[in-house]
Amino acid sequence: MAKNLVIVESPAKAKTIEKILGKDFEVKSSFGHIRDLEKDDMGIDIQNNFKPKYIIPDDKEKVVKELKKLVKDSDEVWLATDEDREGEAISWHLCEVLGLDPASTKRIVFHEITKPAIEKAVRTPRLLDMNLVNAQQARRILDRIVGFELSPVLWRKMSMRNSLSAGRVQSVAVRLIVEREREINQFETVSSFKVEAWFLAKDIQGRTIAFKADGPSRFKTAEDAEKFLSQCVGAAYTVKDVTVKPGKKSPAAPFTTSTLQQEASRKLGYSVSKTMLLAQKLYESGQITYMRTDSVNLSDTAMEDISKAIHKNWGERYYQSRKYKNKNENAQEAHEAIRPTYMENASVDDSDLKRLYELIWKRTIASQMSDAELEKTIAKIDISTNHEELTASGEVLKFDGFLKVYMESRDDEDAEEDDQEGVLPPLAVKQALEMKEMKATERFTRPAPRYTEASLVKKLEELGIGRPSTYAPTITTIQKRGYVEKRDKEGVKRDFRILWLKNDQISKVTDQENTGAEKAKLFPTDLGMLVTDFLKQYFDRVMDYGFTARIEEEFDEIAGGKKKWNNMLQDFYAPFHHNVEETLEKAERVKGERLLGEDPASGKPVTARMGRFGPMVQIGKVEDEEKPRFAKLKQTQSIETITFDEAMDLFRLPRNLGLFEGTEVSVNIGRFGPYAQHDKKFYSLKKEMDPYTVELEEVAPLIVEKRQAKDERTIKVFEKEKIQVLRGPYGPYLKVGLRNYKLPKEKHETAADITVEEAKAIIEELKANPPKKKAPPRKKKAD
DNA sequence: CAGTGAGCGAGCTTCCGCTTGACTT
């Protein structure tokens, strides 16, 4: 029996620490929080100074039971949860549940899981910090109040209202995406002409090479650009001035959760949830440090390891010790940065994990390497026929430094349009240059790009909204609620003009480029836009981008003992709750209706709006004597941007294709895509079939094929009892109405010989003793 | 599985932040 019980949050961490502390210590994990607010009635007694009602969730009963037993058998308990607000609260809940005295139970903390750090922690225990615990309770209660008072407002006020939600984090995340979309929709593209000239000069080896120089400034119109080119006809070009400047590039800090998610997205194309899943595996197998962190700090032992690896692989010249500081003010830094546990392992076996691991390894190594040294050359070139000048710039890498290993990628948001600068040939002042050709190319301004999952995480982190453990789940939530969709967008072709000056002749051509194509970007849905507008209108305080940052300051004051947590909540709650009540009473139900025009055939109004089942267009009004016609919007369309013509096009469905076997065949687009309907049965259209143009001859074979497939699936049918014996992917089963019953193994071979009595017996048996089903609860059908 | 398109109001949904687990109709 161990004398000492140490409780941490993660089981993988427990294992490592147990090894370090030796046999006098037993280390167990709480698996995160062990208590939470009760869900019924908010779990808060608001009248009673916001007294929280905590319960132990079902999935934590087992852990708690085990910990209780272990506490009884131990002489001393050490609470070693993370050193932040949440960690402190977990320790407090452990005290409450395990019957430990907060005034005497030993509380220890460490930021890194190394022998010296943990031994030092054990030598210097402290007691629970109730101020920090209270700051966490205030955070928890405020989030519950916001989420559980705001969500029901949406259920009442949105015309589409199945399981809608709002919260301090998710609603602001959606707002970012909605506002970016509107910015893009309202963006007015301006074109201008960019001048580039190619010159010839001899390089060091005496070979003639071409290099590029940029024109003075951009020209607003083709006429201005042409005027400039014509001024250059017959001109002589001479080097006016050459400057050489040294420059340097420094490596990026080691990974935090958010920077890891960003780089894995840019470099490997991983979604944030995929990155976290793989990182979790690496962590559990002991290959990397903890993956949910906001710290850029490296432990001393890690720094030594990294130094050794750099010296061994590249030598002293490439080593530079660096301490990184967190730019983020509200970082809680309970852990280290994400780094490999053993720097001597440069790679791992598994192919999927390998790419992420190597990314982490390289980033960690590079963070302690020397700067890259550059030499930047800028040459100004005189034009004899006018007062303008051209600028050629080149960059030479003098020393690669950290670039030997790793270079951080950029988002397209920060990317400059200019292509990479190459090497310039040696140029002397007053040197005459031969101009090969000059061109003025029409370029267009671009709106800010839509968010990717990773760039949204970056933005949220900048705003101090959300935590490393919630970035991935938040992104999943806003998609699951139907506020946001991740998808690709096809680009559109666009003409652009080029003016050439070559051999003193000016020529004009028009070329074409693809613009606006995007991959795996976040688009707001109509629902997301309407919910955002609604919340902004009635709850601007919570929707403000600075709201979280401001209440974080108050939580800090509570943590510092300068403010009482119930007072802080009271100050927030009074106006907030008043607002909720007032909104419930006064706000109109949101429909998002927009008038598009008038139907030429009937003279009735054509409108787009949100219906019970999503965005739609309609001809006529519900109050009219004749029922209005309805059509669903396509996935890529939105109430805000759909045009009259696009709306009218939607009414071409359902289309009647004619008779097949004496019954009508029609096509339409449903919840699961385009389908054909015949004799009350449904048939999905093949991908290449366009419901707007498909013909009966193409659809008829689908009907025949599906019937055949069904025949093959059917083993036997008892018509009178309405029991079907079918062949499924997991073997034969019985089907009665919507319910399925698996046949016992010994009947699999002889399913065709089964009798009605046997089938009934099996069903009765399975009804009496249903097999354990742990599958996630299925969503209830509407209606 | 898919067709609908209000709202009488049955009965339900919902937050953020810690952590990992276990399942095939």
Side-chain angles (χ1 to χ4, degrees), chain A residues 8-13 29-37 39 42-43 59-60 62-63 81-82 84-87 89-90 93 136 139-155 159-171 280 284 292 334 465-470 473-474 477 481 548 589 609-618 622-623 627-632 654 666 668-677 680-684 726 728-731 733-735 738-742 766 770-776 778-783:
Chain A
V8 297
E9 288 168 46
S10 144
K13 199 163 150 184
S29 100
S30 73
F31 294 83
H33 275 293
I34 54 154
R35 290 205 301 184
D36 192 15
L37 295 172
K39 277 200 170 184
M42 289 232 293
D59 56 330
K60 288 292 159 65
K62 215 180 122 194
V63 195
T81 50
D82 295 344
D84 58 13
R85 213 157 61 197
E86 298 297 328
I90 290 173
H93 282 298
Q136 191 276 347
R139 198 280 306 155
R140 178 67 192 94
I141 292 168
L142 183 134
D143 281 339
R144 169 58 67 85
I145 289 173
V146 171
F148 275 39
E149 292 215 0
L150 237 38
S151 300
V153 177
L154 297 181
W155 305 341
S159 33
M160 193 186 166
R161 56 188 161 133
N162 26 354
S163 66
L164 295 182
S165 67
R168 173 177 58 83
V169 172
Q170 59 168 284
S171 296
Q280 176 90 29
E284 280 170 12
R292 291 187 276 265
I465 299 171
R467 302 281 312 132
S469 66
T470 60
T474 298
T477 300
R481 297 269 174 272
T548 292
R589 182 173 285 269
R609 69 175 175 94
M610 184 62 86
R612 247 230 300 181
F613 306 102
M616 61 179 203
V617 283
Q618 97 183 41
V622 182
E623 311 88 79
K627 231 184 136 190
R629 288 184 68 197
F630 300 108
K632 220 174 154 154
S666 65
N668 201 352
I669 298 176
R671 204 143 74 89
F672 304 100
Y675 67 91
Q677 191 177 6
K680 290 183 184 163
K681 292 192 190 71
F682 298 94
Y683 305 88
S684 288
L726 302 171
Y730 309 110
Y733 64 98
L734 301 169
K735 189 181 182 76
L738 290 171
R739 295 288 302 268
N740 294 340
Y741 303 92
K742 202 172 172 173
L766 285 173
K772 277 184 197 161
K773 49 174 181 184
K774 278 279 173 72
R778 267 173 63 90
K779 227 183 142 186
K780 262 196 202 160
K781 256 193 89 174
D783 295 357

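Quick note on labels: first sequence line is chain A, next is B, and so on, each numbered from 1.
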Looking only at side-chain N and O atoms, does R481(A) come under 4.0 Å of OP1 or OP2 in dC15(B)? yes
With respect to the side chain of R609(A), which nucleotide from dT14(B), dA6(B), dC16(B) is positioned closest? dA6(B)
Note on DNA chain B: ranges paired as stems (three or more Watson-Crick/G-U pairs in a row, both atom distances under 3.5 Å) are none
Residue whose nearest DNA chain B nucleotide is more 5′ - I34(A) or W155(A): W155(A)
OP1 or OP2 of dC15(B) under 4.0 Å from side-chain N/O of Q170(A): yes
Does a side-chain N or O from S159(A) land closer than 4.0 Å to OP1 or OP2 of dG5(B), or not? no
Does R467(A) contact dC18(B) through a side-chain donor or acceptor facing the base, at a distance under 3.5 Å? no
How is Q136(A) classified with respect to the nucleic acid when contacts are heavy atoms under 4.0 Å: base, sugar-phosphate, or nothing? nothing
Going by modelled atom types, is there a donor-acceptor pair between the base of dC16(B) and the side chain of R144(A) at under 3.5 Å? no
Partners of K681(A) by side chain to side chain contact (heavy atoms under 4.5 Å, CB included), sequence neighbours excluded? D679(A), Y683(A)
If you check every side-chain atom of R292(A), which of dC15(B), dT19(B), dG17(B) has the closest atom? dT19(B)
Taking the nucleotide of DNA chain B with the closest heavy atom to each, which residue, L37(A) or D82(A), is nearer the 5' end? L37(A)
Would you please test R292(A) and S469(A) for side-chain hydrogen bond (donor to acceptor under 3.5 Å, both in side chains) and show each step? CA-CA 6 Å; R292(A) 291 187 276 265; S469(A) 66; 5.6 Å; no
Looking across every strand, which nucleic acid part, if any, lies under 4.0 Å from K627(A) by heavy atom: base, sugar-phosphate, or nothing? sugar-phosphate
For T548(A), what residues pass the side chain to side chain donor-acceptor pair (under 3.5 Å) criterion, not counting sequence neighbours? R168(A)
Picking from dA2(B), dT19(B), dG5(B), which would you name as closest to the side chain of K60(A)? dT19(B)
Between dG17(B) (C1') and L142(A) (CG): distance, integer Å: 14 Å
Nucleotide of dC16(B), dT20(B), dT14(B) approaching D143(A) most closely (side-chain heavy atoms): dC16(B)
